[in-house]
There are 2 protein chains.
Amino acid sequence: MKLEQATIKDIAKELNVSTSTVSRALKDYPGISLETKRKVKELADKMNYRPNAIALSLRKSRSYTIGVIIPEVVHFFFSTVISGIEEVANSRGYNVILTQTNEKLAREKTSIATMLANQIDGVLVSYSKETTNFDHFSNLLDKGFPIVFFDRVPEIAESINVIVDDYSGAYEATKHLIQQGYRKIVHLSGPSNLKISKERARGYQDALINHGLSIDPNLIVECTKGTDDEAQKIASEIIDTYPVKPDAFFAHNDMAAVGAMLACKAAGLKVPEQVGIVGFSNWQFCSMIDPSLTSVAQPGFRIGAKATEILLDLIEKKVSPDDFKSSVVLETELLVRKSSVR
Amino acid sequence: MKLEQATIKDIAKELNVSTSTVSRALKDYPGISLETKRKVKELADKMNYRPNAIALSLRKSRSYTIGVIIPEVVHFFFSTVISGIEEVANSRGYNVILTQTNEKLAREKTSIATMLANQIDGVLVSYSKETTNFDHFSNLLDKGFPIVFFDRVPEIAESINVIVDDYSGAYEATKHLIQQGYRKIVHLSGPSNLKISKERARGYQDALINHGLSIDPNLIVECTKGTDDEAQKIASEIIDTYPVKPDAFFAHNDMAAVGAMLACKAAGLKVPEQVGIVGFSNWQFCSMIDPSLTSVAQPGFRIGAKATEILLDLIEKKVSPDDFKSSVVLETELLVRKSSVR
DNA sequence: TTGTACGCGTTATCAC
DNA sequence: GTGATAACGCGTACAA
């Protein structure tokens, strides 16, 4: 159990020098004889000495650890973001400590608390669906604690945000459907308290208007859960009961798009001949399903990487919070596949 | 930046008592007057005091943090495992620090090293595809450092392993194909240095033999990368060039199964009428593709949860390593869908 | 009932 | 060129 890691003290004792000498020798400080330096380094190597990061943290009040708070790990987009975070943090010598909130506000708060107790240097956050009040974040921001939000970002003045251009992603997707000749386009939207949902809906609406189509409020339906089952039910109902049959679905995520596709198949509607479908996020399965699903790709890895770079720069004072008055926006990319081309 | 967290010292000064008194009052130690206790707690509350976990770690040489080393985060199975780990660790008051190796041995070694420097109490490992030598783990095990392996486990005596019953999962999958009347069953296997690959291949072979079929070595093909592209190429080649046409594919993972499915479609073969297909892992997309994919479900969440329970029990000395002479094996479940039923 | 002193591992500061 | 000491925040054996 006890790892019995060698300490600077052990080396000092063995060599009959002081701990300070050892410390300096190891760090190539000036004013240490080459001879001593050599001996110390040699022994350190032999004893497999590794500085105790905890002791360093205590001394410097810096842990070289950042926290990550996300709603869910089992999620293609978020896991991709984590991958980007991991990559950058690792290459810059930081550890990543992770918690998922499972979309619970309470969990979000306790996570922050324990992370702070662990002296993390900063935190990356995508908040839970339950979160509507941001005091637990603003308190920290006011004290100058480094926080970078990504994807799900609060609409408060002090926050530093990294997001994708949901508006233009949705705009391009809708425009694509229109250009393919679809006219009655349903939008399966996300939870309306999330800014990303609003932006996607706005992009959808503007695309319609700019192409001379009118907005039919009946064709905008909220899918709160975002699962394929839920979307399938909703889409089936629209197909069965609406007087004017829709000829396309633009879903706020890929699961919902699949739900719509299944509903079409069940109703005997051919995709893409009769109904066009576009999703959002470009999950792995998009290219595997039949017909393959057109989707708006979000650069998850880059979001994670960018957010981490900013956070670490903040921590290391290479940039100031004032440099981020407006959100950092990364571009989406529409990947056209079979589900929307006729 | 500086969070200026209140310390025990601040409270002591404010109240004109010693730090030890404060410490004891906060922990309800005997021999503290109710009055003092009340005052201390009140002020601690007011100052929003949180014990500094780093200082505690240093003092107790216990960090209440466990490390997790996995090949990839963007992976349905592994992210599910992480979720299970997170859940249990969190509920028992431990932090989780995460690194992905991207299947690189070098990364695996440095990860372990930095985690140790951070005084983690134990580590959960699923090793990289490059790892063939386990000295960097056995060294630690020999010193009694708690490690629990999951999914990809080393075949060394001292290791504590949590795995799924790959053998029986593969056996059942193959048996199912046979019972559905398929006879020329191809096995798209995984990298042969992974034990899980060997076990799955063994289950496949035993099922054939026990049902009176012979094993054709030509029908066992290794897919090292495990991507759908790779599998598609391999499957196409088999379909095109083999004298005896295969009528089923049992793949070591779902991606490969999808590759096989695409290859069949490209060759004009109907699934499941002419060719049956079964995958492994039950990724989310299995139910979304058409035809839906029969797959062997691995209880990822439970693997993560179980491995973490064991690790924490080891750390807290509730169990001894000797209690785990043999691997902990969790059962798989064959989820029959359309791709294998005619 | 409370305070003093020390140690966990490291480094900055001052002294020799 | 090297050593002694204090400090980071906390818990605890020992004193009072």
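We use all heavy atoms of the structure for the numbers below, so side chains are in, but hydrogens, waters and symmetry mates are not. This one's a predicted model, so the numbers in the text were calculated from it and none came from an experiment. All chains are named by letter (A, B, ...) in the order of the sequence lines, taking the proteins before the strands, and each is independently numbered beginning at 1.
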Rounding to a whole Å, what distance do you find between A:Gln119:CD and C:dT10:P? 18 Å
Sugar-phosphate, base or nothing in reach of B:Ile8, heavy atoms under 4.0 Å: sugar-phosphate
Please report whether the ring centroid of B:Phe137 lies less than 6.0 Å from that of B:Tyr127. no
In whole Å, what is the span from the CG atom of B:Leu26 to the C1' atom of C:dT2? 15 Å
d(CG, A:Asp28; C1', D:dG1) in whole Å: 15 Å
In terms of side-chain heavy atoms of A:Thr36, which of D:dT2, D:dC10, C:dT10 is nearest? D:dT2
Expected output: side-chain A:Gln119 to main-chain A:Ser63 donor-acceptor under 3.5 Å: no
Distance in angstrom units between A:Lys9 NZ and D:dA4 P, rounded: 13 Å
Between B:Lys104, B:Arg152, B:Arg107, B:Lys109, which is the residue that forms a salt bridge (charged side-chain N to carboxylate O under 4.0 Å, His left out) with B:Glu130? B:Lys104
Please report the distance, rounded to the nearest Å, between CG in A:Asn118 and C1' in D:dC10. 14 Å
Most 5' of A:Ala55 and A:Asn16 on DNA chain D, judged by nearest nucleotide: A:Asn16
Between atom CD1 in A:Ile54 and atom C1' in D:dC10, what is the gap in whole Å? 13 Å
Where each residue is assigned the nucleotide of DNA chain C containing its nearest heavy atom, which of B:Ser18 and B:Leu58 is assigned the position nearer the 5′ end? B:Ser18
I'd like a table of atom pairs between the protein and nucleotides 12-14 of chain D - only N or O on both sides, under 3.5 Å - with the distance next to each one.
{"from": "D:dT12", "atom 1": "OP2", "to": "B:Tyr29", "atom 2": "OH", "distance (Å)": "2.5"}

Side-chain N or O of B:Ser33 closer than 4.0 Å to phosphate OP1/OP2 of C:dT2: yes
Regarding B:Lys41 and B:Asp28, does a basic nitrogen lie under 4.0 Å from an acidic carboxylate oxygen? yes
Partners meeting side chain to side chain donor-acceptor pair (under 3.5 Å) with B:Glu42 (sequence neighbours left out): B:Arg38
Any Lys/Arg nitrogen of A:Asp151 or A:Lys195 sitting under 4.0 Å from an Asp/Glu carboxylate oxygen of the other? no
Angle between ring planes, B:Tyr64 versus B:Tyr94, binned at 30° and 60°: parallel, tilted or perpendicular? tilted
Rounded off to whole Å, could you give me the CG-to-C1' distance for the B:Leu15 and C:dT1 pair? 15 Å
Measure the distance from CZ on A:Arg62 to P on D:dG9 and round it to the nearest whole Å. 15 Å
Give the nucleotide from the list C:dT10, D:dG9, D:dG3 with an atom nearest to the side chain of B:Asn52. D:dG9
The single option from A:Ile310, A:Leu124, A:Leu311 that satisfies side-chain contact (heavy atoms from CB on, under 4.5 Å) with A:Val162 is A:Ile310
Could you work out how much the helix from C:dT1-D:dA16 to C:dC16-D:dG1 bends, comparing the axis of its first five pairs with that of its last five, to 10°? 60°
Would A:Glu309 and A:Arg92 pass as an ion pair if we require N to O under 4.0 Å? no
